[in-house]
K.L.:
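Take a look at the following structure, please.
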Amino acid sequence: MTIIRERTDYMTVEDYFDLDEASETRHEYIDGEVYPMTGGTVNHGDIIMNASFALMRRLLDKGCRVYAVQVRHQVSLTRYFYPDVSVICGACETDERSLVLHNPVLVAEVTSPSTINFDRGDKLSFYQGIESLEMVLLFDQLRPFLEMYARQGKRWLGSEYSDIAAIVPLPALNIELPLAELYRGIKL
């Protein structure tokens with residue numbers, strides 16, 4: 001999903017929820033600022049679907065749920081994002097209206113030229129502050145390239161996968177994903 005980084009007037013979290021629920025456009029919220037999310041490319045959508053399907057197939061009987069794009073996650077009390085893909089294992093921890101998930105194990109974003117710096121920088125750092133989160137995946141939509149960040153105790157270790165024959169281990173979920181499956185059908 002492409003995020004248009006246009007500064008808006010400061011908004012409270014409650015006002016953000018009201019806006020987001022009433023709008024056909026989803027919005028992310030960072031420290032009082034609201035950012036509308038615009039549509040993505042065909043590659044963006046295909047990678048989301050490939051990753052979601054690959055995860056769902058492997059996690060079907062493991063007590064985990066896979067969500068694509070439509071679920072808001074609380075990153076902190078003043079930050080809310082819609083990851084392209086996320087995985088929750090065990091019970092979903094939500095707010096009282098089930099509008100926000102609190103306990104992802106994995107989140108994934110498909111980067112674009114307009115979001116890559118934010119996705120690799122502040123957004124990655126914000127995600128890494130989620131207590132339950134064990135892994136962050138960043139997919140490049142222009143070439144087969146996946147960055148994986150995995151929690152190791154109090155540290156986060158990064159790995160990169162660019163060989164289409166690579167097998168990506170997801171130790172927090174006890175599964176592996178072939179990069180070729182994640183990029184199947186993608187026009188590069």
Side-chain angles (χ1 to χ4, degrees), residues 1-3 28 37 39-73 75 81-93 101-113 115-121 123-188:
M1 202 55 65
T2 302
I3 300 173
E28 293 192 335
M37 299 175 66
T41 65
V42 170
N43 278 2
H44 186 273
D46 286 346
I47 293 168
I48 290 170
M49 293 308 295
N50 286 351
S52 297
F53 183 71
L55 287 163
M56 285 173 43
R57 283 190 30 234
R58 287 164 178 83
L59 297 173
L60 190 60
D61 297 323
K62 294 188 177 207
C64 298
R65 292 181 177 179
V66 178
Y67 296 97
V69 184
Q70 298 300 324
V71 179
R72 183 187 306 129
H73 289 54
V75 178
F81 295 135
Y82 285 92
D84 289 327
V85 179
S86 59
V87 175
I88 307 287
C89 293
C92 290
E93 296 175 16
L101 283 173
H102 298 283
N103 62 323
V105 175
L106 176 145
V107 295
E109 296 284 353
V110 179
T111 65
S112 69
T115 67
I116 194 163
N117 291 333
F118 179 65
D119 291 338
R120 283 185 177 154
K123 195 171 203 180
L124 175 62
S125 178
F126 296 154
Y127 277 141
Q128 290 172 334
I130 299 174
E131 192 172 312
S132 64
L133 195 65
E134 296 292 327
M135 305 188 82
V136 178
L137 305 179
L138 300 177
F139 292 92
D140 191 310
Q141 67 174 297
L142 303 177
R143 62 189 172 120
F145 184 73
L146 172 66
E147 294 172 70
M148 179 186 70
Y149 297 89
R151 187 186 301 268
Q152 300 291 321
K154 293 183 180 183
R155 298 179 342 167
W156 285 84
L157 299 178
S159 303
E160 296 178 349
Y161 301 87
S162 59
D163 181 347
I164 198 68
I167 304 297
V168 180
L170 302 180
L173 299 172
N174 199 25
I175 62 172
E176 297 177 330
L177 298 176
L179 198 62
E181 186 176 343
L182 299 169
Y183 281 89
R184 180 176 288 139
I186 305 299
K187 293 181 183 177
L188 304 168

K.L.:
So how far is it from Leu138 CG to Tyr149 OH, rounded to the nearest 0.5 Å?
P.N.:
6.0 Å
K.L.:
Treating Asn43 as the side-chain partner and Leu142 as the backbone partner, does any N or O pair qualify as donor plus acceptor under 3.5 Å?
P.N.:
no
K.L.:
Heavy-atom count around Phe53 CZ within 6.0 Å, excluding the residue itself: above 12?
P.N.:
no
K.L.:
Taking all atoms of both residues into account, what is the closest heavy-atom pair of Val105 and Ala172, and its distance?
P.N.:
CG1-CB, 4.2 Å
K.L.:
If you define the side chain from C-beta out and look only at heavy atoms, does anything of Ser112 sit under 4.5 Å from Gln141?
P.N.:
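Yes, their side chains come closer than 4.5 Å.
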K.L.:
Do you know the tightest heavy-atom contact between Leu173 and Lys62?
P.N.:
O-NZ, 3.8 Å
K.L.:
When rounded to the nearest 0.5 angstrom, what is the spacing between CD in Glu109 and CG in Asp119?
P.N.:
5.5 Å
K.L.:
Is the shortest heavy-atom distance from the side chain of Leu170 to the side chain of Leu137 under 4.5 Å?
P.N.:
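The answer is yes, as the side chains (C-beta and beyond) meet within the 4.5 Å cut-off.
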K.L.:
What residues form a ring pair (Phe, Tyr, Trp, His ring centres under 6.0 Å) with Tyr127, not counting sequence neighbours?
P.N.:
Phe81
K.L.:
So which atom in Cys89 and which in Val87 form the shortest heavy-atom distance, rounded to 0.1 Å?
P.N.:
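Answer, listing the atom of Cys89 first, then Val87: SG-CG1, 4.0 Å.
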K.L.:
Check whether Asn103 reaches the backbone of Glu93 with its side chain - one donor and one acceptor, N or O, closer than 3.5 Å.
P.N.:
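At least one qualifying donor-acceptor pair exists.
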K.L.:
Measure the OG-CG distance between Ser162 and Asp140 for me, rounded to the nearest 0.5 Å.
P.N.:
10.5 Å
K.L.:
Which pair of heavy atoms, one from Asp84 and one from Val110, lies closest together, and at what distance?
P.N.:
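What the structure gives for the nearest pair is OD2-N, 2.7 Å.
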K.L.:
Is Leu179 close to Leu182 at the side-chain level, that is, under 4.5 Å between some pair of heavy atoms?
P.N.:
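Sidechains of Leu179 and Leu182: in contact.
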K.L.:
When rounded to the nearest 0.5 angstrom, what is the spacing between CE in Met135 and OG in Ser159?
P.N.:
8.0 Å
K.L.:
The criterion is side-chain hydrogen bond (donor to acceptor under 3.5 Å, both in side chains); which residues satisfy it with Gln128, sequence neighbours excluded?
P.N.:
none
K.L.:
Say you draw a straight line from CG of Leu55 to CZ of Arg65; how long is it, rounded to the nearest 0.5 Å?
P.N.:
15.5 Å
K.L.:
Taking Glu160 for the side chain and Phe145 for the main chain, is one N or O donor matched with an acceptor at less than 3.5 Å?
P.N.:
no
K.L.:
For Thr111 and Phe139, indicate whether the former's side chain and the latter's backbone hold a donor-acceptor pair under 3.5 Å.
P.N.:
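Side chain of Thr111 to backbone of Phe139: a pair is present.
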K.L.:
Taking the side chain as every heavy atom from C-beta outward, state whether Leu177 and Leu146 have any atom pair closer than 4.5 Å.
P.N.:
no
K.L.:
Within a reach of under 6.0 Å around CZ of Arg58, are more than 12 heavy atoms found that belong to other residues, nucleotides or ligands?
P.N.:
yes
K.L.:
Does the side chain of Pro178 come within less than 4.5 Å of Tyr161's, by heavy atoms?
P.N.:
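A side-chain contact is absent here, since even the closest heavy-atom pair is not under 4.5 Å.
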K.L.:
For Ile164 versus Tyr183, what's the shortest heavy-atom pair and its separation?
P.N.:
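Answer, listing the atom of Ile164 first, then Tyr183: CD1-CB, 4.1 Å.
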K.L.:
Where do His102 and Ile130 come nearest, in terms of heavy atoms and distance?
P.N.:
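Scanning both residues, the minimum pair turns out to be O-CG2, 4.2 Å.
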K.L.:
Any non-hydrogen side-chain atom of Leu133 less than 4.5 Å from a side-chain atom of Trp156?
P.N.:
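Leu133 reaches Trp156 side chain to side chain.
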K.L.:
To the nearest 0.5 Å, what is the distance between CZ (Arg120) and OG1 (Thr115)?
P.N.:
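With rounding to 0.5 Å, CZ (Arg120) is 10.0 Å from OG1 (Thr115).
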